[in-house]
Amino acid sequence: MAPGEKIKAKIKKNLPVRGPQAPTIKDLMRWYCLNTNTQGCRRLCALLVCSFYTVSVSIKVHFQKLDFPAVTICNMNPYKYSAVRDLLADLDKETREALKSLFGFSEVNSRKRREAEPWEGIQPKFLNVVPLLVFNEEERGKATDFITGRKRKVRGKIIHKASNVVHVHDSKEVVGFQLCSNDTSDCATYTFSSGINAIQEWYKLHYMNIMAQVPLEKKINMSYSAEELLVTCFFDGMSCNARSGAHHPMYGNCYTFNNRENESILSTSMGGSEYGLQVILYINEEEYNPFLVSSTGAKVLIHRQDEYPFIEDVGTEIDTAMSTSIGMHLTESFKLSEPYSQCTEDGGDVPVRNIYNAAYSLQICLYSCFQTKMVEKCGCAQYSKPLPPAASYCNYQQHPNWMYCYYQLYQAFVQEELGCQSVCRETSKHPQEPLFLSPTQKWLLPVLNWDQSQQINKKFNKTDLAKLLIFYKDLNQRSIMESPANSIEMLLSNFGGQLGLWMSCSVVCVIEIIEVFFIDSFSIIARRQWQKAKEWWARKQAPSCPEAPPPRQQGQDNPALEIDDDLPTFTSALRLPPAPEAQVPGTPPPRYNTLRLERAFSNQLSDTEVPEEP
């Protein structure tokens, strides 16, 4: 084999596929990466391509603890009946008489342990202030008085409220009460399709009026203590006592587990009922007020540590003689504030004063607005809400018109006529714990009954206790976050993409346009204005009679010329030396057109010309 053929075969052996002859793009890229002259590209491309085609995964394992929320527990009966019996004696007697007249029995739930007291010989007091009436659909504008049984005319508007009691039979009669202003010229009648609801609402009005005049310390003593309400308490399998108490106007003493007043917020690292909160509640049904509440049990609310517990609005009822499990999922919702929505960060920009000792929320804003309007229009505050500064709770000894004013104001609030709904706004952050209640099951009480009886020497009834379990079903934290669909970065990116697609314009082109049309143009204008200013100043400083310009010098008379023995060159032609001391007559230098210096622009400014060398 010829030497040339040997060399050719050796090259083909070491380089089997040449670039232009590569059958596929993949072979071409491989040939380039293995034979390129760029230093480092060979190894870099090989590593990146091999890593891309390698089937591999990366795993991150992260364990986190979730802060356990605050749990507020209240007995549905605010005060022990034995402690408030004397305060409510007259009201209870009139309520029993009303129930007898309407249903034929004296209590909502008949109890053997308490005998009905006789009505005879008692002069009605509360029924005279707010009379209970029976309305018949066939007789419009008339109603039957509960006390006298006589029919009376009813003036003013009639407002019907829905009932939360299941009807056993249809009836053409409805029960209600009438509220009038001080001069009795303006009245409003509120009717209920259920007589029980009407009497309970009527009872609650007078109950709030009585309790508003009782000192707070006395009310705390009449309610349930923590030792009486909470029989046992366990968190993560350990005994717990991280609780704080607060008095609620309608639910008495309530106790909050894991509140912000504790030294540290408790957290959990495991899901399931064994790693949550387990409590056993002593309801003590014997001390229940039969006219104020219609069911026994407790109310529970799960909330943030800085959130006010609106137990009366969103609390969950826990039945007695049952074990109730509540599973939670943590979900956080983050909304954008203005200009994307009307949400507020912390309520600082909302023109409503927060009367609650808690962080801002929409519900706090609405209730604070209503309570403020109540003080302004009625002269006193509603009993179930906190007191604004320098205000007092309503009672008809000092404020005879408060009931009528309250109902009229509340009706306007519901119909959004007070303006509270228009000024109150939602917060941008909404941490929520969605609840999943398991079906309640019958609870084996005998063992606990025996154990607790040994300690307090008392036997429990099956309706006296309730078991509650609250836990995270899992530790998966869900976040719902809003982000702007259009931002400054997205706007610039869209501009760049469209300019590059349709006009082949890049960032360099944009910089060039900015430089030429803005920077350079501004510089030219500034120089022209500066030149005009200098010329104007020179004319102003010149004498009134201008001197004749000096005669033009040509040829050998020109002092700028330099006599040299050598022929002129390009370098010497460009030089402009100073005039010599003595003028030497001689022949003027020849004129070379090729040595003339042409300007870039015909009207170039004097300050942009190239300075002459001395």
Side-chain angles (χ1 to χ4, degrees), residues 58-74 226 230 232-246 254-281 298-311 313-318 323-336 343 345-346 357-364 426-440 466-483:
S58 60
I59 300 176
K60 292 183 178 180
V61 180
H62 177 65
F63 295 95
Q64 64 176 355
K65 287 186 176 183
L66 290 182
D67 290 339
F68 202 80
V71 180
T72 299
I73 303 175
C74 305
L230 303 175
T232 61
C233 177
F234 292 94
F235 180 75
D236 274 355
M238 304 294 293
S239 179
C240 60
N241 57 0
R243 60 178 181 264
S244 60
C254 296
Y255 299 95
T256 302
F257 170 80
N258 198 27
N259 198 8
R260 59 181 176 177
E261 297 178 1
N262 301 331
E263 295 181 358
S264 60
I265 303 300
L266 299 178
S267 59
T268 180
S269 58
M270 297 289 291
S273 59
E274 297 296 327
Y275 299 95
L277 177 66
Q278 301 182 24
V279 294
I280 297 177
L281 307 175
K299 267 204 168 184
V300 177
L301 180 62
I302 301 173
H303 56 93
R304 303 195 314 268
Q305 276 74 18
D306 60 346
E307 184 180 5
Y308 183 83
F310 288 98
I311 195 79
D313 296 332
V314 292
T316 302
E317 293 188 7
I318 304 300
S323 176
T324 304
S325 298
I326 301 179
M328 301 180 297
H329 288 303
L330 178 59
T331 301
E332 289 186 328
S333 176
F334 300 91
K335 293 184 178 181
L336 295 175
C343 294
E345 293 291 338
D346 55 0
N357 185 24
Y360 174 88
S361 67
L362 177 61
Q363 201 166 9
I364 282 181
E426 293 185 359
T427 55
S428 56
K429 184 178 179 180
H430 298 275
Q432 300 174 352
E433 288 84 12
L435 307 182
F436 300 91
L437 275 72
S438 65
T440 56
K467 185 177 181 180
L468 174 64
L469 293 89
I470 301 176
F471 55 91
Y472 279 117
K473 298 191 70 174
D474 54 55
L475 298 183
N476 296 329
Q477 181 176 348
R478 297 162 178 84
S479 298
I480 303 174
M481 303 182 67
E482 287 186 351
S483 60

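Atom set for the values below is all heavy atoms of this structure, side chains included, hydrogens, waters and symmetry mates excluded.
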Residues L230, L281; criterion side chain to side chain contact (heavy atoms under 4.5 Å, CB included); working and verdict: CA-CA 5 Å; L230 303 175; L281 307 175; 3.3 Å; yes
Criterion side chain to side chain contact (heavy atoms under 4.5 Å, CB included) on M270 and D236, from CA distance to verdict: CA-CA 9 Å; M270 297 289 291; D236 274 355; over 6 Å; no
Chi angles and distances behind the side chain to side chain contact (heavy atoms under 4.5 Å, CB included) call for F257, I73: CA-CA 8 Å; F257 170 80; I73 303 175; 6.0 Å; no
Residues N258, I265; criterion side chain to side chain contact (heavy atoms under 4.5 Å, CB included); working and verdict: CA-CA 6 Å; N258 198 27; I265 303 300; 3.8 Å; yes
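By the side chain to side chain donor-acceptor pair (under 3.5 Å) test, D306 is found to be paired with R304, residues two or more places apart in sequence or in another chain being considered. Take D474 and apply the side chain to side chain contact (heavy atoms under 4.5 Å, CB included) test, not counting sequence neighbours, and it matches H329, N476, R478. Applying the side chain to side chain contact (heavy atoms under 4.5 Å, CB included) test to N357 and every residue at least two apart in sequence or in another chain returns R260. Partners of A358 under the side chain to side chain contact (heavy atoms under 4.5 Å, CB included) rule, at least two apart in sequence or in another chain, are Y308, I364. Applying the side chain to side chain donor-acceptor pair (under 3.5 Å) test to E274 and every residue at least two apart in sequence or in another chain returns nothing. Legend: residues meeting side chain to side chain contact (heavy atoms under 4.5 Å, CB included) with I311, ordered by chain and number and at least two apart, are C74, H248, Y251, K299, L301.
Heavy-atom neighbours of Y275 OH from other residues, nucleotides or ligands within 6.0 Å: at or below the threshold of 12.
Evaluated for a side-chain contact (heavy atoms from CB on, under 4.5 Å) with V279, the options L468, T232, V300, V71 yield exactly one hit, L468.
In this structure, the side chains of F334 and C343 stay at 4.5 Å or more apart for every pair of heavy atoms.
The backbone N or O of L362 lies less than 3.5 Å from no partner atom in the side chain of E426, so there is not a single donor-acceptor pair.
A distance of 7.5 Å separates CG in D67 from OH in Y472, rounded to the nearest 0.5 Å. In this structure, CZ in F471 is found 9.5 Å from CD in Q278, a value given to the nearest 0.5 Å. The distance from atom CD1 of I302 to atom CD1 of I326, rounded to the nearest 0.5 Å, is 5.0 Å. Put simply, CG on D313 and CD on Q363 are 5.0 Å apart, with the number rounded to the nearest 0.5 Å. Interatomic distance, CG of L469 versus OG of S273, reported as 6.0 Å (0.5 Å rounding). For the atom pair OG1 of T427 and CD of E307, the computed distance is 9.0 Å after rounding to the nearest 0.5 Å.
A perpendicular orientation is assigned to the rings of F235 and F68, their planes being inclined by more than 60° (bins at 30° and 60°).
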